[in-house]
Peer 1: 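I am attaching a structure below and will ask some questions about it afterwards.
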There are 4 protein chains.
Amino acid sequence: MGRPSNTEQRRADILEAMLEVVAREGYRGATVAAVAQEAGLNPGLLHYHFKKKLEIVVALLERLAAAVEARAERKLRRAGDDPQARLLAYVDAHVALGKGADPRGVAAWVAIGAEAVREPEVAAVFQAAVEERLARLEAHFAAVRAARGERRAGSRSDAAATLAAIEGAYRLSAAAPDALPKGFAAPALRRMVLGLLGEA
Amino acid sequence: MGRPSNTEQRRADILEAMLEVVAREGYRGATVAAVAQEAGLNPGLLHYHFKKKLEIVVALLERLAAAVEARAERKLRRAGDDPQARLLAYVDAHVALGKGADPRGVAAWVAIGAEAVREPEVAAVFQAAVEERLARLEAHFAAVRAARGERRAGSRSDAAATLAAIEGAYRLSAAAPDALPKGFAAPALRRMVLGLLGEA
Amino acid sequence: MGRPSNTEQRRADILEAMLEVVAREGYRGATVAAVAQEAGLNPGLLHYHFKKKLEIVVALLERLAAAVEARAERKLRRAGDDPQARLLAYVDAHVALGKGADPRGVAAWVAIGAEAVREPEVAAVFQAAVEERLARLEAHFAAVRAARGERRAGSRSDAAATLAAIEGAYRLSAAAPDALPKGFAAPALRRMVLGLLGEA
Amino acid sequence: MGRPSNTEQRRADILEAMLEVVAREGYRGATVAAVAQEAGLNPGLLHYHFKKKLEIVVALLERLAAAVEARAERKLRRAGDDPQARLLAYVDAHVALGKGADPRGVAAWVAIGAEAVREPEVAAVFQAAVEERLARLEAHFAAVRAARGERRAGSRSDAAATLAAIEGAYRLSAAAPDALPKGFAAPALRRMVLGLLGEA
DNA sequence: CATGAATGAGAATTCATTCAT
DNA sequence: CATGAATGAATTCTCATTCAT
């Protein structure tokens, strides 16, 4: 009895529309009205399903971060046991094109990430994602070194530099896609990581 | 004769104020009123010296890009003739801390860069800077390979990956400074570049 | 035969919720959504039982006015025949604390009363209540004077002043309860009424 | 040089418009747009001179409270030394009609006062006014008793009851002016006060 | 009767830009 | 050049009310 709830679907619709608009128009272009229009919904309805606009943005950011990590998880499951192969697979999952690549997600991630300066709630999500990725990368670097019988010192810095290269690839591909060789990131990142490991 | 024009000084004051405010509050926080207050001027005067706000932003972005290239030039002049040393010096000039480092510039660069999606004028400046840096990096990579008697193929991708790592270091240091080891970028980038060159 | 109507109960529930919310949050805080939540119902249902929000407000105001008059009736029935005792009992019924006192009703009465300026339907109920109380007070004053063999002139003004003191006690207790001595109103009003009657 | 400031005048204009609109339409009718229109100004300009709407409301409330006290001061200066005469003059200043009476001020005071439940800033101003008036009334009552050689006990409650009668007179005259005898308040209040003093 | 989503008309506020002085 | 008020177009958010299920 009573009307069945469609909240979950609607929230997903709204996130999808926010993703599309942010990717296309940037954060400033992603007004409530624009998102509503993109979703084919009434602007007021967005505030029925999300208390405020920032909640939509934060939810989207969380979704994007989770999607990338899930993709990495999948790649890792097929990566075998070799620590170095696993490290490279993890990195590859974050930058590779091809199936599962998500240019809109990258653009939105970059656009919303810039709001972290102003919006503590965005900063919190962004930093949590950074922390998680850093921790995983560090563990992968450390595992490689452990397998080689080396000291693990420097794994944190290596993780940070690797994550920087990943984020930078996002940024460049969002801001100046035409200047970049197609698909440069994945193979180059692989060699950079090997460089960090002192491997030619 | 009337009072001497102070336009150039005023324009510089305004750029400086825009830099400060953007670095501190992000692009969205950099309202004309906030910039005017920071500069100790008043809003109307900003529009006397710049036709519109975007002009200030673009001028600042150009100034920031030029400053980094100038810094790289200085470092290169002291770097000697070895192509690899010159490549590393160029990269180092973009990420090293210490004298000449400009955290506000980095923060503003990141914040304004996100506007490139929305503002073609910003995108143009940003892309021009990317192109210039890519071209220089590519030339440096090619020079190293030439000196070794290797083929230059891949230098463009190496340049793109290196620039990505630089931009990513900016981005992370702006968005999640506490998560990163202090001064990780310069030494790690050096090893990454060597990795790209197939050097351990 | 369908389920038995619970309309009367529901309407009472809604009035009760409106009372609670208005008393706690003021008229502006008494949104349909807030009242619905307080009642454990949902917004749509409120509009099933009342055509519009103002109807709820008006019904509540009527209920509050009636409750106070009923309380006065009870007090009067126990007050005996002496006109002065009856006048004082009537006044006392409106301001005394203790059993039957209704601080929420007072707060709601004050909050809704301010809407009389804007809403003719509220004004009508409010004015009707004022008229009724004035008439009763006037009659009581006149009865006292008649029993003394005095002329009844001035009873209307005395009634108005007495009602003003009652309403003002409501208002102050709603707006600045901490500034007031506890229970000041009933004994002071008694002396004020006696003052109006020229009695020390 | 530069444009001369007219802020003080504009702020006064805006307060005047707010007073007019609140008195006429109640608090809910006093939207920024309505006030701006009343003042013949652009809505945005109101936010140039006042940071937010509530600031206008609070400033108006302060102005109204100060005006009444100033009026009382003037009356007191002409009231001589007799404590009882001074007490009655103080009360009279708050309710009398005639020159200096301010029906719009009364209406606005009542309308805005109801917002004290929801707006702490309004509550603060309202309560401060209540405290001040209570303190003055209490001092006047105490002075009368002291002059008679009586104990001062009860002066606080007498003050509260008197202030209640004053506020209630405002309230009734705002909400049901037609039901009230013209000019009932001042003479009736005088007798009420005498009643509180145990005087016939 | 009941549920809860959907609508649409405002509301306050912000801000780049213009303009009178 | 400088000042600061004025303009007007957005923008986010609220809320009574309607409506499909």
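Since the model is a prediction, treat every value here as computed from it, not as a measurement. We name chains A, B, ... by the order of the sequence lines, and we start the count at 1 in each one.
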Peer 1: For E/dA20, does OP1 or OP2 lie under 4.0 Å from any side-chain N or O of D/N6?
Peer 2: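 No, because none of the side-chain N or O atoms of D/N6 sits under 4.0 Å from OP1 or OP2 of E/dA20.
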
Peer 1: In this structure, how many angstroms lie between the C1' atom of E/dA11 and the CD1 atom of D/I56, rounded?
Peer 2: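 So the CD1-C1' distance, D/I56 to E/dA11, works out to 14 Å.
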
Peer 1: For E/dT17 and B/H47 - does any side-chain N or O of the residue sit under 4.0 Å from the phosphate oxygens OP1/OP2?
Peer 2: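 Yes, within the criterion.
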
Peer 1: Can you identify which nucleotide, out of F/dT17, F/dG4, E/dA2, has its nearest atom closest to the B/N42 side chain?
Peer 2: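 Nearest nucleotide to the side chain: F/dG4.
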
Peer 1: Rounded to the nearest 0.5 Å, what separates atom CD in B/E62 from atom CG in B/L60?
Peer 2: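 The CG atom of B/L60 is 9.5 Å from CD of B/E62, to the nearest 0.5 Å.
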
Peer 1: Below the 4.0 Å mark, does F/dA5 have OP1 or OP2 next to a side-chain nitrogen or oxygen of D/S5?
Peer 2: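 Yes, D/S5 has a side-chain N/O under 4.0 Å of OP1/OP2 on F/dA5.
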
Peer 1: Starting at CD1 of C/I56, measure out to CG of C/L46 and round the result to the nearest 0.5 Å.
Peer 2: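 C/I56 CD1 to C/L46 CG: 4.5 Å, rounded to 0.5 Å.
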
Peer 1: Determine whether B/R104 and B/E16 make a side-chain contact, defined as any pair of heavy atoms from C-beta on separated by less than 4.5 Å.
Peer 2: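 B/R104 reaches B/E16 side chain to side chain.
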
Peer 1: In the structure I gave you, are the side-chain heavy atoms of D/Q9 and D/H49 within less than 4.5 Å of one another anywhere?
Peer 2: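 They are not in side-chain contact.
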
Peer 1: How close or far is atom P of E/dC1 from atom CZ of C/F50, stated in whole angstroms?
Peer 2: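 To the nearest whole Å, that distance equals 13 Å.
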
Peer 1: Is any side-chain nitrogen or oxygen of C/R28 closer than 4.0 Å to OP1 or OP2 of F/dT14?
Peer 2: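 So the side-chain polar atoms of C/R28 never come under 4.0 Å of the phosphate oxygens OP1 or OP2 of F/dT14.
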
Peer 1: Looking at the side chain of B/T7, which of E/dT17, F/dC1, F/dA5 is the nearest nucleotide?
Peer 2: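 Given the options E/dT17, F/dC1, F/dA5, the side chain of B/T7 is closest to F/dC1.
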
Peer 1: Under 4.0 Å: is that the gap between some side-chain N or O of B/T31 and OP1 or OP2 of E/dT14?
Peer 2: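 The answer is no; no side-chain N or O of B/T31 sits under 4.0 Å from OP1 or OP2.
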
Peer 1: Whole-Å distance between E/dC19 P and B/L46 CG?
Peer 2: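 So the CG-P distance, B/L46 to E/dC19, works out to 18 Å.
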
Peer 1: Here's a test of your reading of the structure: between B/K53 and C/P43, which maps to the more 5' nucleotide of DNA chain E?
Peer 2: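 By nearest-heavy-atom nucleotide position, the 5'-most residue is C/P43.
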
Peer 1: Roughly how far apart are B/L61 CG and B/E119 CD, rounded to 0.5 Å?
Peer 2: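 B/L61 CG to B/E119 CD: 12.0 Å, rounded to 0.5 Å.
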
Peer 1: Among F/dA6, E/dT13, E/dT3, which nucleotide sits nearest the side chain of D/R3?
Peer 2: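 Taking heavy atoms from C-beta onward, the closest nucleotide is F/dA6.
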
Peer 1: Mapping D/G44 and C/G40 onto DNA chain E by nearest heavy atom, which one lands closer to the 5' end?
Peer 2: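 It is C/G40 whose nearest nucleotide is closer to the 5' end.
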
Peer 1: Measure the distance from CD on C/E55 to P on F/dA16 and round it to the nearest whole Å.
Peer 2: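 Value for this atom pair: 15 Å.
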
Peer 1: How many whole angstroms separate atom CZ of D/R10 from atom C1' of F/dT7?
Peer 2: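 Spelled out: CZ on D/R10 to C1' on F/dT7 is 13 Å.
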
Peer 1: Is the backbone N or O of C/A175 less than 3.5 Å from a side-chain atom of D/Q127, with the two atoms forming a donor-acceptor pair by type?
Peer 2: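 The answer is yes, because a donor-acceptor pair under 3.5 Å joins these two groups.
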
Peer 1: Take the protein atom CG of C/L45 and the nucleotide atom C1' of F/dT21, then report the distance between them rounded to whole Å.
Peer 2: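 Those two atoms, CG and C1', are 15 Å apart.
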
Peer 1: Ignoring the backbone of D/H49, work out which of F/dC13, F/dA16, F/dA5 is nearest its side chain.
Peer 2: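 Nucleotide nearest to D/H49's side chain: F/dA5.
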
Peer 1: For F/dC13, give its Watson-Crick or G-U wobble partner with both distances under 3.5 Å, or none.
Peer 2: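 In the structure as shown, F/dC13 has E/dG10 as its Watson-Crick or wobble partner.
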
Peer 1: Measure CD1/C/I14 against P/E/dA2 and give the value in whole Å, please.
Peer 2: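 C/I14 atom CD1 is separated from E/dA2 atom P by 9 Å.
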
Peer 1: Quick check: on DNA chain F, is the nucleotide nearest B/Y48 upstream (toward 5') of the one nearest A/A33, or the reverse? Name the residue that is more 5'.
Peer 2: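 The answer here is B/Y48.
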
Peer 1: When you measure from the side-chain N and O atoms of B/K52 to the phosphate of E/dA16, is any distance below 4.0 Å, counting only OP1 and OP2?
Peer 2: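 No, no such contact exists.
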
Peer 1: Between atom CD in C/Q37 and atom P in F/dA16, what is the gap in whole Å?
Peer 2: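 Rounding to the nearest Å, CD of C/Q37 and P of F/dA16 are 14 Å apart.
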
Peer 1: Using purine N1 to pyrimidine N3 plus N6-O4 or O6-N4 for Watson-Crick, or N1-O2 and O6-N3 for G-U wobble, each under 3.5 Å, what pairs with E/dA20?
Peer 2: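 In the structure as shown, E/dA20 has F/dT3 as its Watson-Crick or wobble partner.
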
Peer 1: Would you indicate what A/V32 reaches in the nucleic acid, counting non-hydrogen atoms under 4.0 angstrom: base, sugar-phosphate, or nothing?
Peer 2: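 Here A/V32 touches the backbone only, sparing every base.
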
